[in-house]
Amino acid sequence: MLDLRVIREDPERLRASQRARGESEEVVDELLAADRSRRASLSEFERLRAEQKSLGKEIPPAAGEEKQALLARAKELAAAVKAAEAAADDAQQRLDQLAAVPSNIVLDGVPVGGEEDYTVLREVGEIPALEKVRDHLELGEGLGAIDTERGAKVSGSRFYFLTGVGAQLELGLLNLAMNTAVEAGFTPMITPTLVRPEVMAGTGFLGAHADEIYRLERDDLYLVGTSEVPLAGYHADEILDLSRGPLRYAGWSACYRREAGSHGKDTRGIIRVHQFHKVEMFSYCREEDAADEHERLLGWEERMLAAVELPYRVIDVAAGDLGSSAARKFDCEAWLPSQSRWLELTSTSNCTTFQARRLNVRERTETGTRQVATLNGTLGTTRWLVAILENHQRPDGSVAVPQALRPYVGGRDVLEPV
RNA sequence: GGAGGCGUCGCCUAGUCCGGUUUAUGGCGCCCGCCUGCUAAGCGGGUUGAGGUUCACCCCUCUCGCGGGUUCAAAUCCCGCCGCCUCCGCCA
């Protein structure tokens with residue numbers, strides 16, 4: 001949701017943003033009209049209501065015919081107030097519906113265009129020179145680390161078991177991510193993975209990407225695709241104290257995605273799956289600090305990528321490829337040797353005040369309260385195992401273990417096929 | 001799942017039976033000022049949030065867990081829901 005006052009004062013900003021994303025500009029004028037109509041009907045209701053209240057005060061002391069006359073007038077007025085209130089509620093509701101339509105206003109500097117129009121900010125690390133490349137599934141099966149056949153038997157396609165060193169590697173990676181976050185001052189959190197509709201809607205995931213989300217109809221709950229969702233809801237309807245800096249949380253959770261519309265894409269292995277684990281950074285900060293905080297989140301992501309010794313690049317995602325909540329997004333993509341392409345491992349979004357406005361998360365300032373900014377970023381996921389296995393593979397099908405992960409696999413520096 | 005209790009402006013709390021001088025009481029905390037060698041105490045004032053209107057001040061409306069209803073009028077009466085607590089039952 002956007003700040004109507006900003007739109008009222010500077011509608012061109014939203015128009016420009018909608019153009020950059022390739023979305024509708026008409027909604028801006030519709031919004032302005034709905035806002036005007038809401039304010040008009042609200043004023044009318046308030047005027048009548050004030051009259052009703054002052055008339056109501058004259059009734060108790062009155063008596064006889066005078067009282068009867070007052071009561072008759074009050075009764076008429078009550079009907080008018082009721083009608084005016086209904087009209088004002090309708091106008092408010094129309095405005096709320098419209099206000100939920102536009103995506104967040106993109107920040108200056110975000111590349112214009114669609115999925116292919118990203119800007120590469122930098123490439124870090126050496127792409128390994130491999131003679132014979134095995135993909136992560138072949139390597140994982142060799143090590144006794146990944147079992148997708150039995151995953152499919154038990155739960156269907158895009159499910160898997162992590163077994164033996166595979167399970168250890170995942171736990172190790174996520175622990176390393178958690179430890180990295182805690183050292184950086186984040187509060188570690190283990191979150192609910194089922195959330196109420198308001199929270200899911202508040203994070204902006206029920207718009208264009210609603211198909212991606214599992215819903216438990218009997219209980220009216222949604223399975224989260226990331227702990228960003230419960231962490232954004234954590235402070236809903238609260239007024240925060242950000243005077244001592246951002247509130248930073250590191251969420252550990254299972255994540256569920258339907259992967260609707262990705263049939264036939266990344267069907268092999270565990271690149272694109274219905275369920276995985278993730279450690280997610282989430283930050284509540286002042287709006288003016290959000291851009292700097294975004295850089296910091298990116299910095300911690302890159303620290304993790306360096307710790308597991310992966311070659312990667314950082315891209316500034318184009319406006320048309322941003323989620324509805326994001327005003328800017330940086331992805332880190334690791335090299336995927338088996339496909340000679342880049343694979344997204346992290347994604348950090350600056351949602352400015354968009355989510356906070358929907359979820360009603362504010363901070364206290366000298367003059368009152370205002371919406372905070374929220375940001376999120378990935379510190380580790382199951383998918384990272386794909387890049388780790390492939391980039392650290394050796395000709396015999398064994399896999400070297402990055403130093404930072406060795407404590408989690410019994411101190412071994414190499415995982416051998418079983 | 002069953003029974004009972006509770007939900008008031010940061011925290012505690014009065015008001016709810018019996019609707020209207022309630023602009024929701026008082027205390028704690030916090031903020032401003034006065035007083036004072038300093039601090040504490042004392043004294044005075046302020047202190048929910050949102051919206052409308054306005055250059056601004058003022059003013060107005062909503063807000064007593066949430067949503068309906070009754071009424072000229074609802075914190076107060078009625079209905080539904082949510083949350084918390086206690087007990088019972090069931091179950092990892």
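Note that the coordinates shown come from a computational prediction; the quantities given were computed from them, not determined experimentally. Each chain gets a letter, A, B and so on, in the order its sequence line appears, and its residues count up from 1.
- At a cut-off of 3.5 Å, with distance as the only test, a side-chain donor of A:N104 or A:T352 sits close to an acceptor on the other residue.
- Using a 4.0 Å heavy-atom cutoff across all strands shown, A:E76 reaches no nucleic acid atom at all.
- Remark: A:K53 is in phosphate contact with B:C62, judged by side-chain N or O atoms under 4.0 Å from OP1 or OP2.
- Using C1' as the reference atom, B:U21 and B:G10 are 30 Å apart when rounded to the nearest Å.
- Going from atom CZ of A:R47 over to atom C1' of B:G51 covers 18 Å, rounded to whole Å.
- The two residues A:H277 and A:A254 make their nearest non-hydrogen contact at CD2-CA, 3.6 Å.
- Contact annotation for A:L42: backbone-only contact, meaning every heavy-atom pair under 4.0 Å involves sugar-phosphate atoms and none involves a base.
- The pairing partner recorded for B:C81 is B:G65, the criterion being a Watson-Crick or G-U wobble arrangement whose two distances lie under 3.5 angstrom.
- Distance check on atom P: B:G52 versus B:U16 gives 36 Å, rounded to whole Å.
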For this session: Walk me through it: do A:E390 and A:S338 pass the test side chain to side chain donor-acceptor pair (under 3.5 Å)?
Result: CA-CA 7 Å; A:E390 291 200 9; A:S338 63; 2.9 Å; yes
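- Residue contacts for A:R36: at a heavy-atom cut-off of 4.0 Å it reaches no nucleic acid atom on any strand shown.
- Nucleic acid contact class of A:R73 (heavy atoms, under 4.0 Å, all strands): none.
- On the P atoms, B:G46 is 24 Å away from B:U36, given to the nearest whole Å.
- Note: A:F159 and A:H274 have tilted aromatic rings, judged against thresholds of 30 and 60 degrees for the angle between ring planes.
- The P atoms of B:G65 and B:C17 are separated by 15 Å, rounded to the nearest whole Å.
- Distance noted for atom C1' between B:G51 and B:U63: 11 Å (whole Å).
- When the P atom is compared between B:G29 and B:G37, the two are found 25 Å apart, to the nearest whole Å.
- Distance noted for atom C1' between B:G67 and B:C82: 10 Å (whole Å).
- Distance check on atom P: B:C38 versus B:U54 gives 49 Å, rounded to whole Å.
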